[in-house]
Every structure is written in structure tokens, then in C-alpha cells.
Student: 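This is the structure I have questions about; it appears just below.
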Amino acid sequence: MNPSDRQHAMRTLDDLAGQARSTTLRQLFADEPERVDQFTLEAAGLTLDLSRQRMSVRHRDALLRYAAQAGIAAQAAAMMRGDIVNPTEGRRAWHTALRAPAGAGQPPEVGACLQRMSDFAQAVRSGAWTGERGLRLTDIVHVGIGGSHLGPQMACEALTRFADPGLRVHFLSNVDPAAWSAMQRLLDPDRTLVIVASKSWRTLETARNMDALLQWLREAGITESGLGRHLAGVTAAPDLARASGIGDATLFPFWDWVGGRYSLWSAIGLPLMLAIGPDAFKDMLAGAHAMDTHFAQAPTARNAPLMLALTALWNRLLAPGATDVVAPYCDPLKRLPSYLQQLQMESDGKSVGTQGEPLPWRTVTVTWGAAGTDAQHSFFQALHQGTDVHPVEFVLALPDAADPQRRDEALLANAIAQAQALMLGRSRADVITALRARGLSAEQAERDAGHQVHPGDRPSTTLLIGRLSPHALGALIAMYEHKTVALAWLWGINPFDQWGVELGKQMAGPIEEALARRRRGIALPEAISDPATRAWIERVGTALALADAAPDQAG
């Protein structure tokens with residue numbers, strides 16, 4: 001679809017959204033008696049309800065026509081074939097091949113790596129692989145950041161119930177020394193395996209944290225020849241990893257066609273496999289593959305990832321200033337909002353099209369959220385009565401077992417009630433009636449009513465994943481991956497690069513050197529001409545020098 005045709009089509013959708021702003025959710029349900037059935041989809045064991053979105057069947061059909069014009073199905077097929085779909089880097093984005101079954105599209109190198117991961121995980125979990133001094137490994141420290149970190153951490157926490165209780169997994173991403181300082185108190189170096197995960201093997205935060213862990217192991221008496229018992233690497237740059245001391249026995253590759261935020265299914269998932277075991281990890285891959293099949297084959301109106309993408313596009317047109325709120329009513333999924341924040345905002349946070357042309361429409365929204373019911377006592381006040389309307393995505397899971405205190409029922413009831421309250425609200429008349437029933441005078445009720453009015457008509461999506469299992473988690477993550485990619489294609493952008501991440505990294509190097517100079521009392525180079533930046537380097541560099549001189553009095 002060329003930029004001119006896309007712009008015309010988007011203008012048509014924008015006009016339609018303008019007309020739809022006066023439509024209420026109550027009216028949509030009144031006008032469309034079959035609405036719940038029309039907007040409830042089944043996909044790979046997940047149930048998705050979009051009926052509370054401010055989208056009529058007519059609006060949906062217009063969006064589906066636009067998806068056909070934009071060639072979403074053809075682009076999805078090209079991605080799954082392994083064609084080059086990342087034009088700015090000339091790469092494939094073939095993460096679906098990582099979860100394809102053996103003999104059904106799985107590349108040989110993927111199967112070989114998966115087998116090596118499985119053998120290593122079994123050896124560590126069984127105790128056959130020990131530290132240098134022959135002690136069983138009890139702790140894994142995964143060192144990475146961004147796409148090499150958020151997926152494995154979210155999945156490990158989500159699947160804690162399936163994890164080996166004798167093997168703890170820790171995640172170190174922040175370059176702040178305080179993060180490692182707090183973590184190392186929990187660890188015995190003789191019983192710790194360090195996994196360093198970096199696609200390029202050049203990420204500054206990961207490299208610095210790796211150096212800190214290597215120093216810790218050496219100071220504990222681990223010999224150079226014994227480091228291989230405590231150190232593994234996951235990278236698309238194996239030569240650089242070998243140069244850092246990673247041995248071939250514990251070096252696990254992935255490929256340049258695996259994007260960091262789409263990489264959980266590769267060797268980046270090694271800490272998860274160690275935690276839950278190879279069989280459960282493969283079950284997660286199977287869940288993701290089931291969602292891949294759904295995305296490739298389901299009719300467009302019943303295609304869950306596509307409909308999520310179209311809903312996001314529609315909401316961006318309806319309420320340009322809105323954000324995307326994710327509220328998992330499942331405590332093990334509490335990191336899902338952070339994971340989706342990176343997946344969606346790093347993928348779709350672009351302002352130019354695939355041909356480099358500036359886009360005249362808004363793209364990605366801010367993604368945020370927290371787990372319910374905690375979130376109800378945090379930001380839900382603003383969702384119900386604030387001046388801005390922010391669509392909410394409720395993610396529900398069934399309990400593993402009945403709870404004697406019936407907290408499982410309370411959790412699910414709250415999720416359902418929040419979606420209902422956002423939609424229906426509470427009118428002024430209803431508030432006044434309730435206040436009068438409590439004994440307030442008519443005058444008092446009129447005066448106080450405004451504080452308790454809830455506007456309602458606030459859209460939401462509800463998603464039920466069944467019991468939280470490896471298979472269900474795989475399907476859930478794959479659904480959001482496909483939603484994110486489809487949304488990018490609808491906007492005409494490339495979801496597989498992240499040049500905005502690189503600029504700050506490039507600028508950090510010279511500033512770090514300047515800080516080091518100022519810390520030692522050396523004048524700053526003239527090359528740093530931005531006055532605000534120079535001022536902050538002076539300020540922070542001086543503070544560091546004072547802290548070095550009198551650490552107990554710093555601050």
C-alpha cells in the first residue's frame with residue numbers, strides 16, 4: 001500500500017471515528033443484540049471479549065476492509081516464511097520459526113540449539129552439572145537488559161508454580177551498582193551459574209554487570225579454568241562471547257533474524273528452561289505456535305491478534321490522547337504490563353513510514369498498568385472519574401485450585417465489576433437516590449452528588465487465558481506479538497528496528513568520559529557545547545568527587 005493510498009484510507013477512518021465519538025456503549029449494546037457473540041473471539045485456548053469497545057459492527061467492518069487494503073495477511077505470511085520484513089536493517093523477523101515444531105518449519109539450527117539447551121538444563125537441574133568445587137548449583141543470575149531481560153523475567157515469575165524450588169533465578173539488568181550489591185548478598189558463588197545474554201555482546205549495561213560478576217567469582221576463588229562451570233553466554237555474536245571467556249560448552253547462539261523483544265523463544269529463554277524444565281518450555285513453544293496458526297488461518301473478524309490491533313488503531317483515532325492500560329488480575333502476571341510496554345512501545349514508537357516519510361497520524365500510545373486488585377487502590381480512581389478516558393485491558397486467569405477464603409472468586413468478581421463500572425458508570429440521578437436513602441436532605445444530596453458521579457462509557461477489553469500454564473502463557477505472549485506487528489503494518493511502520501534506543505547509547509559514551517574527567521578535577525572538553533549538558537556534567541562530576549573524598553558525608 002503506497003503512502004498516498006494509506007493516507008487517504010486513514011483519513012476515511014478518522015472521519016468515521018469522529019462520527020463515532022457521540023456513540024455510547026449503552027447504545028451500541030441496545031442497537032446490536034448479538035454484540036457479545038460478534039465481538040467475543042476464541043484463539044489457542046484464550047477468550048477475548050471486545051464488546052465493551054466503542055466500535056460498532058459497521059466500524060469493525062470498515063477497519064477490516066482497511067486491514068485488507070494494507071495487506072496484513074500477505075505481510076504476516078511473508079514474516080512467517082522468513083522473508084525480509086525489516087527493511088531498515090535488511091533482516092528477517094522470523095521469531096515464529098523458533099516455536100515451529102520439528103519437521104514443520106523449524107530451521108535445523110533452531111532444533112540443534114533447543115536440544116543443547118535441553119541437555120544443559122537437564123544436567124543443571126539434576127545436579128550432574130556442578131560448580132567448580134563439585135557443589136550443586138542452586139542459583140541462576142541472568143544478566144541482560146531490554147529484550148534480553150524483560151521476557152525471561154516476566155515468564156519466570158508467571159510460571160513460578162512450575163519451577164524447580166531448588167533452583168532460584170535472579171535477573172540483573174540495571175547498571176546501578178546498588179542492584180548487584182543487593183543481589184549478591186543472597187548468593188553463594190560456588191553454587192551460582194551466571195548467564196550473560198546480549199545479542200550484540202556490546203551492550204554497555206550488560207558488559208559492566210558481567211565484569212562485576214566475574215570479579216565476584218574470581219574473588220571467591222573460582223579459577224580461570226573453572227569459570228566455565230559458572231558462566232554461560234547467549235548471543236548472536238559468538239566470537240565476541242568467546243573472546244570474553246565463554247566456552248563453547250555453555251555458549252548458546254541465536255540469530256540476527258531474532259529481535260530482542262521477540263526472543264524469549266530462543267536461547268534467551270534459557271533461564272526459563274532451567275527454572276521450569278525442557279518439557280514445560282516446549283509446551284510454552286507449542287502454545288505460541290498454536291497462536292501463530294490462529295493468526296495465519298483465522299477469518300479476519302475472528303482473528304484475535306488482528307482484532308486487537310484494529311481496536312488499538314481505532315482507539316487512537318477516537319481518543320488521540322489516551323493511553324493503553326493493562327491490568328492483569330493474576331498476580332504471577334504482574335510484570336506483563338512492563339513486558340508489553342517494551343514490546344509495544346519499542347516496536348511501534350515510530351513517526352516515519354517504511355519508506356522514511358513523516359507520518360501525518362499518531363502511532364503508538366503509552367502502555368502501562370499494574371496487577372489487580374492492587375491497581376484498584378492506585379490509579380483506578382483516575383480511570384473512573386478522571387477527565388481523560390483510557391481504554392483498559394483486563395487479563396484474567398482461572399485459579400489453580402479452590403481457595404478456602406474464596407479469594408479467587410473475589411479477584412475475578414472485581415475484574416468483571418471494574419469492566420462493568422467503567423462502562424455503565426453511575427448517573428447523578430442514581431447518586432442522589434442513594435444519598436437520600438442514606439438520610440441526606442434533598443439539598444445535601446444535590447450538593448454532594450457531583451463527587452460520586454461516574455461518567456461511564458469508558459471502553460475495556462477482557463481476556464481470559466484459562467489456567468496460567470506454559471501453554472497458555474506462550475499463546476498469550478504470541479498473541480501480543482502479532483497484535484503489535486499487525487498494528488505497525490496498519491500504521492505503515494517497521495516494528496522490528498529501534499533506532500531511538502541507539503541514539504542515547506551513542507551519546508552516553510562521551511558523557512561518561514567527561515564525567516570521569518570532571519570527577520578527577522580535569523576540565524571538560526570543548527566538544528560538549530550544550531550548556532545544559534555541560535552544567536549537569538559539572539554538577540554530577542563534582543558530587544562524585546566529593547563522595548569519593550568523604551563517602552559518609554556525600555549527598
Side-chain angles (χ1 to χ4, degrees), residues 13-42 47-64 66 301-302 304 306-329 365 367-369 372 375-376 379-396 412-431 433-434 449-450 452-464 483 487:
L13 287 177
D14 194 35
D15 291 342
L16 192 61
Q19 300 166 21
R21 290 190 187 106
S22 60
T23 304
T24 66
L25 289 169
R26 287 176 183 267
Q27 189 61 50
L28 286 173
F29 276 91
D31 292 344
E32 298 174 349
E34 304 299 320
R35 181 170 179 78
V36 172
D37 290 338
Q38 288 269 12
F39 285 92
T40 300
L41 317 177
E42 303 287 338
T47 301
L48 178 67
D49 176 12
L50 297 165
S51 65
R52 290 190 178 103
Q53 292 290 340
R54 200 183 303 172
M55 175 196 301
S56 69
V57 172
R58 182 172 67 90
H59 300 146
R60 181 202 64 185
D61 291 346
L63 288 162
L64 289 171
Y66 173 65
R302 313 303 297 173
L306 177 59
M307 285 303 303
L308 276 173
L310 289 170
T311 300
L313 171 68
W314 183 244
N315 282 334
R316 193 61 161 144
L317 295 171
L318 278 174
T323 62
D324 285 339
V325 181
V326 180
Y329 275 67
T365 60
T367 301
W368 61 289
Q376 294 175 200
F379 54 80
F380 265 61
Q381 168 64 38
L383 299 181
H384 284 290
Q385 290 188 300
T387 54
D388 292 323
V389 176
H390 301 280
V392 183
E393 207 151 276
F394 294 95
V395 182
L396 283 60
L412 294 170
N414 270 274
I416 296 168
Q418 289 294 324
Q420 181 186 42
L422 286 167
M423 174 182 145
L424 298 181
R426 197 179 192 199
S427 70
R428 186 178 184 87
D430 288 343
V431 171
T433 299
Q452 297 184 38
V453 170
H454 292 61
D457 205 37
R458 304 200 165 192
S460 68
T461 292
T462 302
L463 172 66
L464 176 65
K483 173 238 179 166
L487 183 54

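Counting from 1, the numbers follow the sequence of the chain as shown.
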Student: Any non-hydrogen side-chain atom of R58 less than 4.5 Å from a side-chain atom of L16?
Tutor: yes

Student: Going by heavy atoms in the side chains, are F39 and L48 under 4.5 Å from each other?
Tutor: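 Answer no - side chains too far apart.
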
Student: Considering only heavy atoms from C-beta outward, does the side chain of L464 approach that of D49 to under 4.5 Å?
Tutor: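 Side-chain contact under 4.5 Å: no.
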
Student: If we check side chain to side chain contact (heavy atoms under 4.5 Å, CB included) with S460, which of these qualifies: R52, M423, Q420, Q418?
Tutor: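 The side chain to side chain contact (heavy atoms under 4.5 Å, CB included) with S460 is passed solely by R52 among R52, M423, Q420, Q418.
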
Student: Provide the closest heavy-atom pair for A312 versus L487 in the form atom of the first, atom of the second, distance.
Tutor: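 Distance-wise, the nearest heavy atoms are CB-CD2, 3.7 Å.
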
Student: Under the rule for side-chain hydrogen bond (donor to acceptor under 3.5 Å, both in side chains), what residues qualify as partners of D31, not counting sequence neighbours?
Tutor: Q27

Student: Atom CG in D61, atom CE in M55: separation rounded to 0.5 Å?
Tutor: 10.5 Å

Student: Can you sort out the partners of T323 under side-chain hydrogen bond (donor to acceptor under 3.5 Å, both in side chains), two or more places apart, ordered by chain and number?
Tutor: W368, H390

Student: Only counting residues at least two apart or in another chain, list the ones meeting ring-ring contact (aromatic ring centres under 6.0 Å, His included) with F394.
Tutor: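 So F394 forms a ring-ring contact (aromatic ring centres under 6.0 Å, His included) with Y329.
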
Student: Among residues at least two apart in sequence or on other chains, which ones pass side-chain contact (heavy atoms from CB on, under 4.5 Å) with A375?
Tutor: A370, F379, F380

Student: Report yes if some heavy atom in the side chain of L318 is under 4.5 Å from a heavy atom in the side chain of V389; otherwise report no.
Tutor: no

Student: Quick one: are D324 and E393 in side-chain contact, heavy atoms under 4.5 Å?
Tutor: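 No, too far: nothing below the 4.5 Å cut-off.
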
Student: Checking R302 side chain against Q38 main chain: does a donor-acceptor pair fall under 3.5 Å?
Tutor: yes

Student: Run the side-chain contact (heavy atoms from CB on, under 4.5 Å) test against E42 and tell me which residues pass, sequence neighbours left out.
Tutor: T47

Student: Sequence neighbours left out, what passes salt bridge (Lys or Arg N to Asp or Glu O under 4.0 Å) with R35? Give chain and number order.
Tutor: E32

Student: Going by heavy atoms in the side chains, are N414 and Q376 under 4.5 Å from each other?
Tutor: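 Sidechains of Q376 and N414: in contact.
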
Student: Side-chain donor-acceptor pair under 3.5 Å between T461 and Q53, yes or no?
Tutor: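 Yes, a side-chain donor-acceptor pair sits under 3.5 Å.
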
Student: Using 0.5 Å steps for rounding, measure from the CG atom of L424 to the CG atom of D430.
Tutor: 10.0 Å

Student: Would you name the heavy atoms of A20 and H59 that are closest together and state the gap between them?
Tutor: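 Minimum heavy-atom contact is CB-CE1, 3.4 Å.
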
Student: In Å, rounded to the nearest 0.5 Å, how long is the span from CG of L64 to CG of L306?
Tutor: 6.5 Å

Student: For T23, check side-chain contact (heavy atoms from CB on, under 4.5 Å) against everything at least two apart and list the hits.
Tutor: L28

Student: Evaluate the criterion side-chain contact (heavy atoms from CB on, under 4.5 Å) for residue pair L313 and L13; output intermediate values, then yes/no.
Tutor: CA-CA 10 Å; L313 171 68; L13 287 177; 4.2 Å; yes

Student: For the pair R316 and T365, evaluate side-chain contact (heavy atoms from CB on, under 4.5 Å) and give the outcome as yes or no after the intermediate values.
Tutor: CA-CA 7 Å; R316 193 61 161 144; T365 60; 3.2 Å; yes

Student: Mind checking side-chain hydrogen bond (donor to acceptor under 3.5 Å, both in side chains) for Q452 and listing every partner two or more places apart, or none if nothing turns up?
Tutor: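 Residues passing side-chain hydrogen bond (donor to acceptor under 3.5 Å, both in side chains) with Q452: none at all.
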
Student: Can you sort out the partners of F29 under ring-ring contact (aromatic ring centres under 6.0 Å, His included), two or more places apart, ordered by chain and number?
Tutor: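 Counting only residues at least two positions away or on another chain, F29 forms no ring-ring contact (aromatic ring centres under 6.0 Å, His included).
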
Student: Which heavy atom of R21 sits nearest a heavy atom of D14, and at what distance?
Tutor: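 R21 and D14 have their closest heavy atoms at NH2-OD1, 4.4 Å.
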
Student: What pair of heavy atoms forms the shortest contact from P33 to A30, and how long is it?
Tutor: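 Nearest pair, atom of P33 first, then A30: CD-O, 4.4 Å.
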
Student: What pairs with H454 under side-chain contact (heavy atoms from CB on, under 4.5 Å), at least two apart in sequence or on another chain?
Tutor: H384, Q385, R426

Student: How would you list, by chain and number, every residue that makes a salt bridge (Lys or Arg N to Asp or Glu O under 4.0 Å) with D457, sequence neighbours excluded?
Tutor: R54

Student: State which residues pass salt bridge (Lys or Arg N to Asp or Glu O under 4.0 Å) with R428; sequence neighbours excluded, sorted by chain then number.
Tutor: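 E446.
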
Student: For residues L310 and L63, report the shortest heavy-atom separation together with the two atoms involved.
Tutor: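 It is CD2-O, 3.6 Å.
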
